[in-house]
Amino acid sequence: MIKRDWDIIVVGGGPAGTVFARYAAEKGLSVLVLEKDREIGLPVRCGEGVSMRGLEAFTPVNPRWICRKISAVNFYAPDGTLVDLDFKMEGAILDRCVFDRDLADLAAQAGARIYTHANVTDLILDDQVVRGVVVRYRHEDVKLSARLVIAADGVESRIARKAGIKTAVTPENMDSCVQVTAHGLDMNPDALSFYMKREYAPGGYVWVFPKSETSANVGLGISGNFTHKISPYKSLMKFLADTFPNASWSSLVAGGVPTDKTLDRITANGLMVVGDAARMVNPLSGGGIHAAMKAGKLAADTAVEALKQNDVSEEFLKRYAKAWHEEAGKNHEGLYRLKEVVNKLTDEDLDKLGHKMVAIPKEKRSLTRIFKAVAWNNPRLIMDVARAFSGI
Amino acid sequence: MIHIDHDLCDVCGTCVGVCPVDCISMSDTTLNIDDDLCIQCNFCIQVCPMEALKEETDD
């Protein structure tokens, strides 16, 4: 039987939810995390690539979270030209299953309670203030009350909608993704590889993120603008047949990555929205783990203060929104504009760019330089690039 | 009406994230569309990575 009254109920047991839960529970609040899936950490709908620096900001990194350290980035232009960059930061491919479970473990050690197979289907609202949730648990719809609810329910982001926040993104800002964990690959096992060919992934890219010497997450994301012309599943199968014809795979998963700007509203009376649900994913790379953890931490800071002062009004909770925009918001908007620039590049543009990049010494290649070359070669995009960089 | 092919659906939630009227619900194992609320915008069909959603014809 789940206890009925809580200080805080967190909907969703991904990194945003469990990081929030850990920080809030550490301050002595009673925190319940409800996860709809059977277990935390699975299925892994994620390429699992991260920078170490971003992780270390939140928690000492346990070596068992890391499948492989990364030291290089390889971009393949549509014509096959390889542009290799040294990875300036230390990168890693995570084992999300172990990682997510350990984050849950840290939350539990801090005193949070976690239930899985617990599907939150509705919010309890009283005079436009969120007062709790309805959770379907073992065939029963159970009402639980909370002083504050955290919507950490990922790409679906239904919980915040029930408090009147518009979270739906348009198809152009939803990358539709399919990934396999492929084995028996002949690849560079120390590099993140990106294939930019529009034939495979218009409005996105193909990634090969090594998990061992010979296995990798191989996936692609296609902007919803293009998916009526090209099926992500079929496109990935074609990429595999063309690039790794002998590969087998041990998993096949689908997933959606919202590559939008952060929601205008990430708070309501008695509710805060964090992570993918708040559309905090890096719109250029599609990476969402760091942002989710950052949001979890920032929201917990505000939650602790709000409950101490017994004020969960949207007005008070906006402190969290302010903190998010100060720490990450502007950068996020710049990345959104860069995404728009990249999406306008044709295969021909990308080939030219690839040739230009390989002509300059490796140590001088950088993403900034790539975007400068984009502007130089594509007068129609100069303004877009300038706008993007002025925002960062 | 939108038809869900449950054999192909991975219950990943991509369709839910674009539904403008919030008519798609999901558990850990199944997707469900409320036909009464659906406005036939077909965004869900458009973004499904697995081709699991189709517009149902009358025949």
Side-chain angles (χ1 to χ4, degrees), chain A residues 12 35-39 42-43 45 116-122 136 153-162 166-179 219-229 231-236 251-258 260 276-277 279, chain B:
Chain A
E35 167 56 49
K36 110 178 126 32
D37 278 327
R38 184 167 70 183
E39 47 201 313
L42 289 174
R45 301 191 194 279
T116 63
H117 248 318
N119 191 13
V120 174
T121 55
D122 211 350
R136 190 149 186 87
D153 55 331
V155 61
E156 306 98 277
S157 197
R158 294 194 78 208
I159 297 305
R161 296 188 208 194
K162 296 177 191 304
K166 290 194 173 78
T167 69
V169 302
T170 55
E172 66 167 335
N173 286 322
M174 181 65 84
D175 276 22
S176 176
C177 306
V178 180
Q179 174 178 279
L220 55 77
I222 298 178
S223 159
N225 255 0
F226 298 98
T227 39
H228 59 288
K229 290 186 201 145
S231 141
Y233 169 77
K234 287 203 183 97
S235 189
L236 180 61
S251 83
L252 166 67
V253 288
V257 177
D260 207 341
D276 286 16
R279 312 319 187 192
Chain B
M1 295 241 291
I2 308 287
H3 172 74
I4 306 166
D5 184 332
H6 291 284
D7 283 345
L8 297 184
C9 176
D10 198 36
V11 203
C12 69
T14 309
C15 55
V16 182
V18 296
C19 178
V21 294
D22 196 26
C23 73
I24 314 177
S25 59
M26 58 193 270
S27 71
D28 58 335
T29 53
T30 346
L31 194 74
N32 185 59
I33 297 178
D34 185 336
D35 295 325
D36 293 336
L37 295 178
C38 175
I39 56 165
Q40 313 276 325
C41 70
N42 291 356
F43 283 180
C44 55
I45 298 176
Q46 200 177 323
V47 300
C48 175
M50 301 301 277
E51 303 171 71
L53 301 173
K54 299 236 153 48
E55 209 170 353
E56 202 156 65
T57 48
D58 290 334
D59 51 85

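Letters go in sequence order (proteins before strands), and every chain restarts at 1. Nothing here was measured: the structure is a model prediction, and the numbers come from that model.
For chain A, no part of B:C15 is nearby; none of its heavy atoms comes within less than 4.5 Å. Of the two parts of B:Q46, the backbone and the side chain both hold a non-hydrogen atom closer than 4.5 Å to a non-hydrogen atom of chain A.
Taking chain A as the reference chain and counting heavy-atom pairs below 4.5 Å, the highest number among B:C19, B:A52, B:C9, B:P20 is found for B:C19. Counting heavy-atom pairs under 4.5 Å between each of B:D22, B:V11, B:T14 and chain A puts B:D22 at the top. Here B:I24 is the residue among B:N42, B:T29, B:I24, B:I45 with the most heavy-atom pairs under 4.5 Å with chain A. The residue among A:R158, A:H228, A:K36 with the most heavy atom pairs within less than 4.5 Å of chain B is A:R158. Taking A:V155, A:V169, A:D153, A:D276 one by one and counting their heavy-atom pairs under 4.5 Å with chain B, the maximum is reached by A:V169. Your options are A:G256, A:A254, A:G224, and the one with the most heavy-atom pairs under 4.5 Å with chain B is A:A254.
Heavy atoms only, all atoms of each residue included: B:V21 and B:C38 are closest at CG2-CA, 4.5 Å. Summarising the geometry of A:V120 relative to A:I159, their closest heavy-atom pair is CG1-CD1, 3.7 Å, with the distance given to 0.1 Å.
Taking 4.5 Å as the limit, some side-chain heavy atom of A:P43 sits within range of a side-chain heavy atom of A:D37.
In this structure a side-chain-to-backbone donor-acceptor pair under 3.5 Å is present from B:S27 to B:T30.
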